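Here's the structure, in structure tokens; my notes come after.
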Amino acid sequence: MFGRISGWFQQRRFDVDAAIIGFILALGLFPLRFFASQIYIQTIPIVLGLGCGLYLLAIRNDRESIDFFPSFSRPVAQVLPSIVFTTTALMVGVALYSGERTLLFHVLAGMAGTLILLQILFTDDDDFLPALLLVQVLVLAFVVRLMAVYTTPSYIGIDIWTHMTQLAQGVLDQHSLAAMQGNKHIAAPLYHLLVAASAMLYDVSLRNALYLSVGLAMPMIILFVYAAAKLLVPTRWAIFAAMLYSIGDYVIEWGIHLIPTSHGLLFFAAIVYALMRIMQLQYSGRDFGLLVFLSVAIILTHQVSTFIMLVVLFSGLAAQFVLRLGLFHTKTARKPNIFENVEPVNLAGLLAFDIGLITFMWSFTPYNGDSFLETVLLYLSETMQDSFGFMNLANPGDSAEGIALPPPTLADMLATYTETVGFLILFGLCTVGCLYVLRRNRISHSTFTLLFATVVMTGFTLGLPLFGIRNFIPQRWFAFLYLPMAILAALGVGYLVHNLNRNIVVATLLVVALIYPGIMMVSGHGTLDNPVFEQEQTRLTYTEQEMVAVSSIRTMTGSPDSSNILPQQVLRTDHPYQTVFIRTGAYPAAAFNVSTNGGPTNHPLTVYRSYQTTGAPNYMLVNESANASVPVTRPISKQSVCRPSQSVLYTNGDVVMCANRTI
């Protein structure tokens, strides 16, 4: 019986079957757009269907050749690198002159990215210079990230204030991890140790030490992606994968919001390369030892990154198990120079070691008064009991009971699509790559590991939130997910170029080259320092006046602890500005509430900054009679925060602290 089933499986075209199933699934999921406004629910079925459709068109030819594929003439191919370097130099000039990454900066960055992709896709083999192209990719990545941190007077992001002003500063001051006692990062201190050690070694401030260590290392992550892809595809498509990954919006985010997630992402990319290496080559004990070392390093760096690493290792183990079933064996010989016929690597021992070490470490890691492991499992159990359910989406833009919010404006919709279109393009190309690796003469342990990892990681990132499970912090997964997606996309595009109708493939590649870089550069995730849509996307940096205000209020008040003040003495300002007061220990703070009737805030102690009127502050819109509230992002007037009936305790022209005459 098993033999007949096995024989039937060996006769199937799994790539074709999967493409047909994917196309049908896309049609089945399409009606969900009429029941939910979530952007991915509305767009993923369309992109999935297009990806499967392109692959089904390509397999009709299956000729593995290029008939007159268009390419640049030699003079054009020789001048394009100079234009790219000139454009990146202009980006530096614009950022330094403006003191920030402006819209012009992002437009120039998108143009440079487009020119690099066009070179990768349409340069003739005789004029193709891999080293020069890789240098262009690296230069663009460095300029985009370093100009963000150089022109910003404060840190970029929210969590970084805790990691730098409390944890890393404590380690630097005490020259000991005792400063992190009681914090969950005590068991994952490598990031804080690295930054503190860099400050002592370079004799610079903690902020400069961060940029000279983690900041400089983050753009180099591209080399791991290139090296991993180079083991699977020709050099052209390896550079293509590196380029797709380098300008990913979430990848840029963790290159400027430099927290343990960034450090964990760096180790994760190295782990993926090490995995691809031992799966594709005849590895030695030294290669496997490097993989073990990197897995321990990521465990000591970041908990979420560690869990994502486990997902990849489990995917490798699942791929090993599936391949050993023999269902994908073929009687036809492999084509030369495609994949080495290497036996699947046994990852069970490594996985058991990592799980044991993680269980041990997380069992004594403090978190909310208990161990990290127990707390996480408790939260997950509570979520399964209270929130689990299909289409149980968390959408802050939805109206709450008794609070009717206006429909999204055109600017709101444009901001939303700029944050998703880049991912959708990458998802579509990755879909083609996933189908391609299901071809029998392309199956290997490495490609199956990437396939399984992408599917499982997408499930954690986009699937589980559909059921109300957001405990795994899906926002942090995208930059990790982009890595296998970029490599699989390179595999898919390489196949389309050789098999799809020339007119269709050229049009597809032009769309990718013209849209993907620009849309990724203006995405809100990669422009935390100065969003393009100023009143729709919140800026997560602060001006010099805003930082001076925090320091001055700390000095004025003596930096009291929250347990030593009354609830009405808590400072109220917008989010995320309130987080700076809390995380730097300046003063207990919270986001202010605004009534739905259009009245001002009613808090005794408030702080207004001009950004609340000109930008996209976050606060709570409250309906007292219905006992309902909903977070909103919209400008608010100064009179609604600092009321005329209040007294001004502090002002520096940009920030005003107000208080009731009697608190």
Side-chain angles (χ1 to χ4, degrees), residues 146 149-150 152-218 220 254-268 270 292-306 357-358 360-373 542 547 550-551 554-555 558-563 579-588:
L146 295 185
V149 299
Y150 181 80
T152 303
S154 69
Y155 292 115
I156 301 174
I158 295 177
D159 292 350
I160 192 171
W161 292 95
T162 298
H163 291 292
M164 295 301 296
T165 62
Q166 296 181 25
L167 303 178
Q169 186 67 56
V171 173
L172 178 61
D173 292 341
Q174 300 184 26
H175 292 188
S176 169
L177 289 178
M180 301 172 61
Q181 192 67 38
N183 188 280
K184 68 177 180 179
H185 294 94
I186 187 69
L190 283 190
Y191 166 88
H192 310 91
L193 287 173
L194 174 63
V195 176
S198 299
M200 290 186 287
L201 178 64
Y202 303 140
D203 192 22
V204 295
S205 67
L206 206 62
R207 182 171 180 267
N208 288 337
L210 173 68
Y211 299 149
L212 290 173
S213 54
V214 182
L216 288 179
M218 286 309 296
M220 304 300 289
W254 302 123
I256 61 178
H257 182 196
L258 298 166
I259 59 175
T261 302
S262 310
H263 203 188
L265 181 62
L266 184 64
F267 283 128
F268 176 80
V292 174
F293 170 79
L294 291 171
S295 67
V296 173
I298 200 172
I299 292 170
L300 297 175
T301 301
H302 188 228
Q303 286 89 359
V304 175
S305 305
T306 297
L357 180 59
I358 290 168
F360 172 74
M361 296 291 293
W362 290 2
S363 293
F364 69 82
T365 300
Y367 189 44
N368 286 356
D370 213 329
S371 74
F372 181 83
L373 185 61
Y542 310 97
M547 294 311 304
V550 174
S551 177
R554 174 203 290 268
T555 303
S559 185
D561 187 82
S562 58
S563 60
T579 63
V580 182
F581 288 90
I582 299 173
R583 293 171 183 263
T584 59
Y587 194 88

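Because the structure is a prediction, the values reported are computed rather than measured.
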How many angstroms lie between NE2 in His302 and CG in Leu266, if you round to the nearest 0.5 Å? 13.5 Å
Non-hydrogen atoms of Leu300 and Ala187 that approach each other most closely: CD2-O, 3.8 Å
Can you tell if the side chain of Arg207 reaches within under 4.5 Å of the side chain of Tyr155, non-hydrogen atoms only? yes
Using side-chain heavy atoms (C-beta onward) and a distance below 4.5 Å, is Phe581 in contact with Val550? yes
Listing, residues 188-204 side-chain donor-acceptor contacts under 3.5 Å, not counting sequence neighbours, or none:
from   : atom 1 : to     : atom 2 : distance (Å)
Tyr191 : OH     : Leu258 : O      : 2.5
His192 : NE2    : His163 : ND1    : 3.0
Ser198 : OG     : Leu194 : O      : 2.8

Note, Trp362 side chain near Thr306 side chain (heavy atom, < 4.5 Å): yes
If you count heavy atoms of other groups shown closer than 6.0 angstrom to CZ of Phe364, is the number above 12? yes
What is the minimum heavy-atom distance between Ile298 and Gly264, and which atoms define it? CD1-O, 3.6 Å
In the structure I gave you, are the side-chain heavy atoms of Ile259 and Trp254 within less than 4.5 Å of one another anywhere? yes
Within this structure, what is the CZ-NZ distance for the pair Phe372 and Lys184, rounded to the nearest 0.5 Å? 5.5 Å
Looking only at heavy atoms, which two atoms of Thr165 and Arg583 are closest? And how far apart? OG1-O, 3.2 Å
At what distance, to the nearest 0.5 angstrom, does OG of Ser371 lie from CG of Asn368? 11.0 Å
When every non-hydrogen atom of Ser154 is compared with those of Tyr542, the smallest separation belongs to OG-N, 3.0 Å
Separation between OG1 (Thr584) and CE (Met164), nearest 0.5 Å, reads 13.5 Å
Return the set of residues passing side-chain hydrogen bond (donor to acceptor under 3.5 Å, both in side chains) with Thr555 (not counting sequence neighbours), or none when no residue passes. none
Using side chain to side chain contact (heavy atoms under 4.5 Å, CB included), reason through Asp159 and His257 one step at a time and then give a plain yes or no. CA-CA 9 Å; Asp159 292 350; His257 182 196; 4.2 Å; yes
Using atom types as modelled and distance alone, determine if a side-chain donor or acceptor of Ser559 lies under 3.5 Å from a backbone N or O of Gly585. yes
So, using side-chain hydrogen bond (donor to acceptor under 3.5 Å, both in side chains) as the criterion, who are the partners of Ser295 when residues are at least two apart? Asp354
How long is the gap from CZ on Phe267 to CD1 on Ile299, to the nearest 0.5 Å? 11.5 Å
Any chance you could measure Ile256, atom CD1, to Leu146, atom CG, to the nearest 0.5 Å? 11.0 Å
Closest approach of Met180 and Ile186, non-hydrogen atoms and distance? O-CB, 3.7 Å
Any non-hydrogen side-chain atom of Leu373 less than 4.5 Å from a side-chain atom of Met361? no
Hey, does Ile160 have a side-chain heavy atom less than 4.5 Å from the side chain of Leu210? yes
Validation row: Pro560, Pro588 side chains within 4.5 angstrom (heavy atoms): yes
Answer yes or no: is there a side-chain heavy-atom contact under 4.5 Å between Leu172 and Gln169? yes
